[in-house]
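Comments concern the structure below.
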Amino acid sequence: MTKSTESLRPARPGDLDTINHLVAEAIEDWPLPERVRRLALPAYRYTEADLMFLEVTVLERAGEVVGVAAWETAEPRELPEGAADGLLLHGLYVGRADRGQGVGRQLVEACRSAAHEAGVAGVLVKAQASAASFFATMGFVPVPVRDRDRDYEQRYWLPSLPSGGGGN
């Protein structure tokens, strides 16, 4: 498919079944015991309330939702040292059939652009260890753990776009 058949747009309540299918596909692929996967899935599903409180963006390809990203304002205590504010990339999910085709990249760039437009320092993500290489490829850097009892170990930071900059 060509990029002319792709578009980013805010998620709508009618997208929730497809979004939650993408979430379930992703969780099925996480290297976790089956029982843990099954117990985790309900906590990762999106609802209409999430659409009210999170920025949820979907990438449509030829009229089908193939990826979703959700973000919100990050808690200051989660941010890397020196960052006053940022967005937390709450979730990034791409359908199996569309992985490796730039969908995740476009969704990350949409979040980074939102951070730039909001005037915040960057984007924080708490990722599954299996996603570390993707986020590194996107330019995220690991955030050091300061407090092992409090900090999520797999945190990554992507600075906002520079002033006058553009993304890709």
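Note that these values count all heavy atoms, side chains included, but never hydrogens, waters or copies made by symmetry.
The same ILVMFWY cluster, assembled from side-chain heavy atoms under 4.5 Å apart, contains both V36 and Y44. Taking hydrophobic clusters as Ile, Leu, Val, Met, Phe, Trp and Tyr residues chained together by side-chain heavy-atom distances below 4.5 Å, V68 does not share a cluster with V94. In terms of hydrophobic clustering, with Ile, Leu, Val, Met, Phe, Trp and Tyr side chains grouped at heavy-atom distances under 4.5 Å, Y156 and L158 are assigned to a common cluster. Hydrophobic clustering places L87 together with L8 (ILVMFWY residues linked when any side-chain heavy atoms are closer than 4.5 Å, directly or through intermediates). Clustering ILVMFWY residues whenever any of their side-chain heavy atoms sit less than 4.5 angstrom apart, transitively, puts V56 in a cluster other than the one holding L92.
Sparse packing is recorded around CZ of R35, with 12 or fewer heavy atoms of other residues, nucleotides or ligands lying under 6.0 Å away. When the shell of 6.0 Å around CD of E34 is examined, it contains more than 12 heavy atoms from other residues, nucleotides or ligands.
The minimum heavy-atom distance linking P144 with R155 is given by the pair O-NH2, 3.0 Å. Closest approach of A70 and L54 over heavy atoms only: CB-CD1, 4.2 Å. Summarising the geometry of V123 relative to A115, their closest heavy-atom pair is CG2-CB, 3.9 Å, with the distance given to 0.1 Å. The two residues R45 and D50 make their nearest non-hydrogen contact at O-OD2, 3.7 Å. A pairwise comparison of heavy atoms in L79 and G86 identifies CD1-N, 3.9 Å as the closest pair. Between E48 and P13, the closest heavy-atom pair is CD-CB, 3.9 Å.
When R37, R96, R38 are each tested for a side-chain hydrogen bond (donor to acceptor under 3.5 Å, both in side chains) with E28, only one passes: R96. Checked options Q101, E60, Q106; the residue passing with E6 is Q106 (criterion: side chain to side chain contact (heavy atoms under 4.5 Å, CB included)).
For residues 63-74, the set of pairs meeting the side-chain hydrogen bond (donor to acceptor under 3.5 Å, both in side chains) definition, not counting sequence neighbours, is empty. Sorted by first and then second residue, the pairs that involve residues 125-149 and meet ring-ring contact (aromatic ring centres under 6.0 Å, His included), not counting sequence neighbours, are F135-F140.
In this structure, S160 contributes its side chain and H116 its backbone to a donor-acceptor pair below 3.5 Å. With hydrogens and angles disregarded, no donor-acceptor distance shorter than 3.5 Å links the side chain of D85 to the backbone of P76.
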Assess whether side-chain contact (heavy atoms from CB on, under 4.5 Å) is satisfied between L51 and L16, documenting all intermediate values. CA-CA 9 Å; L51 298 182; L16 286 169; 4.2 Å; yes

One pair to check against side-chain contact (heavy atoms from CB on, under 4.5 Å): V58 and I19. What are the steps and the verdict? CA-CA 8 Å; V58 297; I19 288 169; 3.9 Å; yes

Working for side-chain contact (heavy atoms from CB on, under 4.5 Å), residues L59 and V65: CA-CA 6 Å; L59 187 128; V65 172; over 6 Å; no

Could you walk me through whether L89 and E55 pass the side-chain contact (heavy atoms from CB on, under 4.5 Å) check? CA-CA 9 Å; L89 180 55; E55 294 293 324; over 6 Å; no

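A distance of 8.5 Å separates CG of N20 from OG1 of T47, quoted to the nearest 0.5 Å. Rounding to the nearest 0.5 angstrom, the gap separating the CD1 atom in I27 from the CG atom in L41 is 4.5 Å. Distance check: D17 CG to L22 CG gives 11.0 Å after rounding to the nearest 0.5 Å. For the atom pair OG (S130) and CG (L32), the distance works out to 8.0 Å, reported to the nearest 0.5 Å. Between the CE atom of M138 and the SG atom of C111 there is a distance of 10.0 Å, given to the nearest 0.5 Å. Between the CG atom of L107 and the OG1 atom of T57 there is a distance of 7.5 Å, given to the nearest 0.5 Å.
With sequence neighbours left out, the ring pair (Phe, Tyr, Trp, His ring centres under 6.0 Å) criterion links Y46 to H90.
Between R99 and D29, the closest side-chain pair of non-hydrogen atoms falls below 4.5 Å. A heavy-atom distance below 4.5 Å is found between the side chains of L124 and V143.
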